There are 2 protein chains.
Amino acid sequence: MKNAKINIRELGLTKQREVVLQVIRNAEKHLTANEVFDRAKQLLPTISFATVYNSLRFLKDAGHIGEISFGNGASRFDALTSRHDHAICTNCGKLVDMEIELPGEIVELATKFSKFKLESIELTLRGLCPECNK
Amino acid sequence: MKNAKINIRELGLTKQREVVLQVIRNAEKHLTANEVFDRAKQLLPTISFATVYNSLRFLKDAGHIGEISFGNGASRFDALTSRHDHAICTNCGKLVDMEIELPGEIVELATKFSKFKLESIELTLRGLCPECNK
DNA sequence: ATTTAAATTTAGAATAATTCTAATTCCAAA
DNA sequence: TTTGGAATTAGAATTATTCTAAATTTAAAT
């Protein structure tokens, strides 16, 4: 057989990028770039900070991960399973994933209104998480 | 008559904060903190950068302005007229306000799902703006 | 096997964005 | 007036992210 070797570059998954993706997939919460770096370094001690950022961008552009960002502090990243929404606590910053089914008419309305070619759409709820609301 | 003088501090509107608010209200687009600073300085040359940031936080907490933030670059601020949504171009960063009426059931669902005490909820559409889609 | 060219990684510097600090000023109430 | 608390100022400090240039890795071509 010819060409038994897989061209890793075509898939775009270098060792470093794979590690970054694993870290994010295995995380119990949404990590910042810094946290991803710390964990990635445990798996691949030579990985550099710049590579983590490069990988995050690459993985995001490739649609493997999502970036969530609010007015405060660093962006956080999550594994993209499917379309989902977020709730963020205005007091402690706690971030929660939500699965809300958006009615088609809402999506249509937003697309028409903005005249944008839609890539993604999400709902963001801000408020107090149960702990902060006590 | 007693107490004819208004206690400016109770309203919270110092000269600086008023200027910042004016700048945002009069802006033809969504400004970054930096842009707000530049414009505020033209109206009130002694205003400092820190004060702009403090004022932005104050005005935001008071509900007079909104902060919009994506994974890239600086936050942007807009005058809060009423609840509204945003579309952001993934290519050029163009930011557009939208007025989409969210069905009550969606809001309810999100509130129930997250168990958060709701403060605000908004829709964010990402995609290509008409110019970038050509 | 070797060479090549392009992409990627690395380490650290540089930049951008935001917050903090300490001294000063402003303001309303006493 | 004096006073105490809040706000402002200037600039330093911190945090977050991107850039740079040299070294390395990779797949394809020789």
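Bear in mind that the values here come from a model prediction, so they are computed numbers and not experimental data. Below, chains carry the letters A, B, ... as their sequence lines are ordered, and counting in each starts from 1.
- Under a 4.5 Å side-chain heavy-atom cut-off, the cluster of Ile, Leu, Val, Met, Phe, Trp and Tyr residues that includes A:I88 is completed by A:I68, A:F70, A:L95.
- One interatomic measurement links the two molecules: CZ of A:F70 to P of D:dA16, which rounds to 15 Å at whole-angstrom precision.
- Partners of B:S48 by side chain to side chain donor-acceptor pair (under 3.5 Å), not counting sequence neighbours, listed by chain and number: B:T51.
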Please list, pair by pair, any protein nitrogen or oxygen found under 3.5 Å from a nitrogen or oxygen in nucleotides 13-17 of chain C.
none

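- Residues in residues 36-47 of chain A take part in these side-chain hydrogen bond (donor to acceptor under 3.5 Å, both in side chains) pairs, two or more places apart or across chains: A:E28-A:R39.
- In this structure, A:F49 and A:Y53 have tilted ring planes: the angle between them lies in the 30° to 60° band.
- Here A:Q16 does not reach the OP1 or OP2 of D:dT25: none of its side-chain N or O atoms lies under 4.0 Å away.
- Put simply, CG on B:L56 is 14 Å from C1' on D:dT8, counting in whole angstrom units.
- Applying the side chain to side chain donor-acceptor pair (under 3.5 Å) criterion to A:E67, with sequence neighbours excluded, gives A:K60, A:S75.
- Not one side-chain nitrogen or oxygen of B:R57 sits closer than 4.0 Å to the OP1 or OP2 atom of C:dT18.
- Within the 4.0 Å cut-off from OP1 or OP2 of D:dT8, at least one side-chain nitrogen or oxygen of B:T14 is found.
- Under the side-chain contact (heavy atoms from CB on, under 4.5 Å) criterion, A:A79 pairs with A:I24, A:R25, sequence neighbours left out.
- Of the residues in residues 40-52 of chain B, those lying under 4.0 Å from DNA chain C by heavy-atom distance are B:F49, B:A50.
- As rounded to whole Å, 13 Å separates atom P of C:dA11 from atom CG of A:N54.
- Scanning for side chain to side chain donor-acceptor pair (under 3.5 Å) contacts around B:E99 gives an empty result, with sequence neighbours left out.
- Partners of B:R83 under the salt bridge (charged side-chain N to carboxylate O under 4.0 Å, His left out) rule, at least two apart in sequence or in another chain, are B:D85.
- One can place CZ of B:R17 at 13 Å from P of C:dC27, the figure rounded to the nearest angstrom.
- When rounded to the nearest whole Å, the span between CZ of A:F58 and C1' of C:dT9 equals 14 Å.
- Regarding A:L13, its CG atom lies at a distance of 11 Å from the P atom of C:dT8, rounded to whole Å.
- A donor-acceptor contact closer than 3.5 angstrom links the side chains of A:E122 and A:H86.
- Between the CG atom of B:D61 and the C1' atom of D:dA6 there is a distance of 16 Å, rounded to whole Å.
- The distance between atom CD of B:E67 and atom C1' of C:dT18, rounded to the nearest whole Å, is 10 Å.
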